Engineer: 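Encoded as C-alpha cells, here's the structure I'll be asking about.
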Amino acid sequence: MKAEKTFHPASGYAILMLVLLLIGAGAASIYYFGPGVLAPFSLVFVYLCKGFKIVNPNESRVLTLFGEYSGTIRQNGFFWVNPFLVAKSISLRARNLDTTPIKVNDKLGNPIMIGVVLVWRVEETFKAAFEVDNYETFVKIQSESAMRKLAGVYPYDNFENDAEISLRAGSQEVNDELERELMERLAIAGIHVLEARISYLAYAQEIASAMLQRQQATAIVAARAKIVEGAVGMVDMALQQLNDKRLVTLDDERKAAMVTNLMVVLCADRSVHPVVNAGTLHH
C-alpha cells in the first residue's frame with residue numbers, strides 16, 4: 001500500500017517571468033522574421049501556462065501522472081508543475097457532519113431515534129483520494145453505521161441497574177466510544193476525527209408516551225423514598241429532643257400516635273389541615 005508523499009513544485013513566479021520573456025521574444029521574432037515563428041512560440045506558451053497551480057491555505061493538490069501517484073502539494077502559494085500531471089483538489093479544513101436522526105434499536109430492543117455531530121478533516125490525502133471512491137459519502141455512511149452499532153451496545157436508559165452505562169446518562173463514556181469507533185472506521189480513508197458526540201436522542205414515536213410515563217413513575221418513587229427517609233430522621237430528632245428536654249412524657253401509645261401524625265404531615269403531598277384536640281388522647 002502506498003503512503004502519502006510530499007511533492008515539491010517549482011515556483012510559479014519564476015515560470016511566470018519566463019512566460020513574460022517568451023511573449024516578448026515572440027513579439028520580437030514576429031517583427032523580425034514574420035508570423036511564421038508564431039506556431040512554436042504558441043505551443044511553448046500554452047504548455048507553460050497549463051502548469052500553473054494555486055493552492056489556498058488548508059488545501060492540497062493530489063498529483064498523478066498517467067495513472068501513477070506523484071505526490072501531494074500541501075504548502076499554499078503559486079506554483080508550476082508538469083502540465084501532464086492531473087491535479088485533484090482536497091480540502092484539509094475541519095468539517096462538520098450533523099446527521100439526520102435515524103431509527104435504531106437499543107440494547108434492550110427498544111426503538112429509539114439517534115443522531116450525531118461529527119467534526120472531521122482529511123489527514124492523509126492519498127487514502128482519501130485512492131482508497132475509497134468518495135470520501136465524503138464514506139464519512140456519512142460510516143457515521144450512520146457507527147450510530148447503529150453504538151445503540152445496540154447500550155440501553156437508552158437504566159431503570160433497574162444504575163451501574164450500567166446508558167445512552168442518556170453516560171454521555172461522556174458513550175461519546176468516547178463513538179469517537180473511537182469512528183476513528184477505526186474512517187482510518188482507511190485517511191480521515192481524522194476531531195470530535196464526535198450524540199446530538200439527538202429520543203424514544204421512537206410509537207413508544208415515547210409509554211416510556212415517558214415509566215420515567216415519571218421512576219422519578220416519583222425516587223422522590224417519595226427521599227421524602228420518607230427525611231421524614232423518619234425528623235421524627236426521630238423530634239422525639240429525641242422532647243425526651244432530652246423533658247417537655248412531655250410520652251408512653252408507647254402516645255409516641256406511636258405522634259409518629260403517625262408527624263409522618264402524615266411530612267410525607268403528604270397536599271397542605272395539612274390541623275385538628276385541635278381540646279381533650280386527651282383517650283377522650
Side-chain angles (χ1 to χ4, degrees), residues 1 3-4 90-226:
M1 179 184 298
E4 178 180 318
I90 294 182
S91 175
L92 303 178
R93 299 184 180 96
R95 310 189 201 184
N96 282 321
L97 174 64
D98 189 2
T99 64
T100 302
I102 60 174
K103 183 186 291 187
V104 297
N105 292 329
D106 70 354
K107 182 180 179 180
L108 303 179
N110 297 317
I112 62 175
M113 300 296 294
I114 185 172
V116 302
V117 169
L118 174 65
V119 183
W120 62 278
R121 68 182 177 197
V122 175
E123 191 172 65
E124 297 184 50
T125 59
F126 176 83
K127 290 183 178 180
F130 304 114
E131 293 293 337
V132 294
D133 186 42
N134 186 311
Y135 65 92
E136 293 179 339
T137 304
F138 185 80
V139 170
K140 182 179 179 181
I141 294 177
Q142 291 302 317
S143 298
E144 294 183 358
S145 179
M147 278 193 297
R148 294 182 183 276
K149 180 178 179 181
L150 184 75
V153 173
Y154 300 102
Y156 178 90
D157 210 342
N158 44 8
F159 294 101
E160 289 82 14
N161 185 10
D162 292 337
E164 185 179 9
I165 298 175
S166 66
L167 294 172
R168 188 175 69 87
S171 58
Q172 187 59 46
E173 295 83 353
V174 173
N175 289 336
D176 290 343
E177 179 63 28
L178 175 63
E179 189 172 319
R180 285 192 294 271
E181 180 69 21
L182 284 170
M183 281 185 176
E184 293 178 1
R185 290 174 176 268
L186 300 180
I188 187 177
I191 304 298
H192 176 62
V193 177
L194 300 175
E195 183 184 4
R197 64 182 183 275
I198 295 177
S199 61
Y200 183 89
L201 184 64
Y203 280 112
Q205 186 175 1
E206 57 266 28
I207 66 167
S209 178
M211 288 302 180
L212 179 60
Q213 292 178 359
R214 183 176 181 179
Q215 289 178 348
Q216 291 174 341
T218 303
I220 292 173
V221 170
R224 286 295 178 185
K226 197 68 177 178

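This one's a predicted model, so the numbers in the text were calculated from it and none came from an experiment.
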Engineer: If you round to the nearest 0.5 Å, how far is CG of L92 from NE2 of H192?
Structural biologist: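 Going from the NE2 atom of H192 to the CG atom of L92 covers 13.0 Å.
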
Engineer: Carefully, step by step, assess E123 and R121 under the rule salt bridge (Lys or Arg N to Asp or Glu O under 4.0 Å).
Structural biologist: CA-CA 6 Å; E123 191 172 65; R121 68 182 177 197; 5.6 Å; no

Engineer: Can you tell me how far apart CD (E124) and CD1 (I90) are? Round to the nearest 0.5 Å.
Structural biologist: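 Output value for this atom pair is 11.5 Å.
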
Engineer: D176 and Q172: side-chain donor and acceptor closer than 3.5 Å?
Structural biologist: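 Side chains of D176 and Q172: pair found under 3.5 Å.
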
Engineer: Anything under 30° is parallel, anything over 60° is perpendicular, the rest tilted; go ahead and classify Y156 against Y203.
Structural biologist: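 Y156 and Y203: tilted rings.
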
Engineer: Begin with the C-alpha distance, continue with both residues' side-chain angles, and end with the deciding distance and a verdict on side-chain contact (heavy atoms from CB on, under 4.5 Å) for F126 and E131.
Structural biologist: CA-CA 7 Å; F126 176 83; E131 293 293 337; 3.8 Å; yes

Engineer: How about V132 and T137: do any of their side-chain heavy atoms sit closer than 4.5 Å?
Structural biologist: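 V132 does not reach T137 side chain to side chain.
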
Engineer: State, to 0.1 Å, how close M147 and V116 come at their nearest heavy-atom pair, and which atoms those are.
Structural biologist: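 Nearest pair, atom of M147 first, then V116: CG-CG1, 3.3 Å.
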
Engineer: Could E136 and R95 be called an ion pair, given the rule that one side-chain N must be under 4.0 Å from one carboxylate O?
Structural biologist: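 A salt bridge links E136 with R95.
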
Engineer: So which atom in S166 and which in V174 form the shortest heavy-atom distance, rounded to 0.1 Å?
Structural biologist: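 That would be O-CG2, 3.6 Å.
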
Engineer: Hey, what do you get for CH2 (W120) to CG (L194), rounding to the nearest 0.5 Å?
Structural biologist: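 Here the interatomic distance stands at 10.5 Å.
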
Engineer: Please report the closest heavy-atom contact between V153 and K107, naming both atoms and the distance.
Structural biologist: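 Residues V153 and K107, closest heavy atoms: O-CD, 3.3 Å.
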
Engineer: What heavy-atom pair brings K103 and R148 nearest, and what distance separates the two atoms?
Structural biologist: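 Heavy atoms of K103 and R148 come nearest at O-NH1, 3.7 Å.
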
Engineer: Taking atom CD of E179 and atom CG of L150, what is their separation to the nearest 0.5 Å?
Structural biologist: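 Interatomic distance, E179 CD to L150 CG, rounded to 0.5 Å: 12.0 Å.
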
Engineer: When you compare the side chain of Y135 with that of F130, does any pair of heavy atoms fall below 4.5 Å?
Structural biologist: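 Heavy-atom side-chain distance check fails, nothing below 4.5 Å.
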
Engineer: Going by heavy atoms in the side chains, are L167 and I112 under 4.5 Å from each other?
Structural biologist: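 Result yes, sub-4.5 Å side-chain heavy-atom pair found.
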
Engineer: Answer yes or no: does atom CD1 of I188 have more than 12 heavy-atom neighbours from other residues, nucleotides or ligands under 6.0 Å?
Structural biologist: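 Check fails, neighbour count at 12 or below.
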
Engineer: Go through the steps for I141 and S145 under the test side-chain contact (heavy atoms from CB on, under 4.5 Å), then give the verdict.
Structural biologist: CA-CA 6 Å; I141 294 177; S145 179; 5.6 Å; no

Engineer: Show the numbers, then the answer: is there a side-chain contact (heavy atoms from CB on, under 4.5 Å) between L118 and V193?
Structural biologist: CA-CA 7 Å; L118 174 65; V193 177; 3.5 Å; yes

Engineer: Carefully, step by step, assess E4 and K127 under the rule side-chain contact (heavy atoms from CB on, under 4.5 Å).
Structural biologist: CA-CA 8 Å; E4 178 180 318; K127 290 183 178 180; over 6 Å; no

Engineer: Would you name the heavy atoms of Q142 and L182 that are closest together and state the gap between them?
Structural biologist: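 Of all heavy-atom pairs spanning Q142 and L182, the closest is O-CD2, 3.9 Å.
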
Engineer: State, with a plain yes or no, whether a side-chain heavy atom of V122 is found less than 4.5 Å away from one of S91.
Structural biologist: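 Heavy-atom side-chain distance check fails, nothing below 4.5 Å.
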
Engineer: Does E144 come within less than 4.0 Å of K140, counting only side-chain N to carboxylate O?
Structural biologist: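 Salt bridge absent between E144 and K140.
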
Engineer: Testing the basics here: between N105 and P111, what is the closest heavy-atom pair and its distance to 0.1 Å?
Structural biologist: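 Where N105 meets P111 most closely, the heavy atoms are OD1-CA, 3.6 Å.
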
Engineer: How long is the straight-line distance from OG1 of T100 back to CD1 of I114, given to the nearest 0.5 Å?
Structural biologist: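 Reported value, rounded in 0.5 Å steps: 13.5 Å.
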
Engineer: If you define the side chain from C-beta out and look only at heavy atoms, does anything of Y154 sit under 4.5 Å from E177?
Structural biologist: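 Contact flag for Y154/E177 side chains = yes.
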
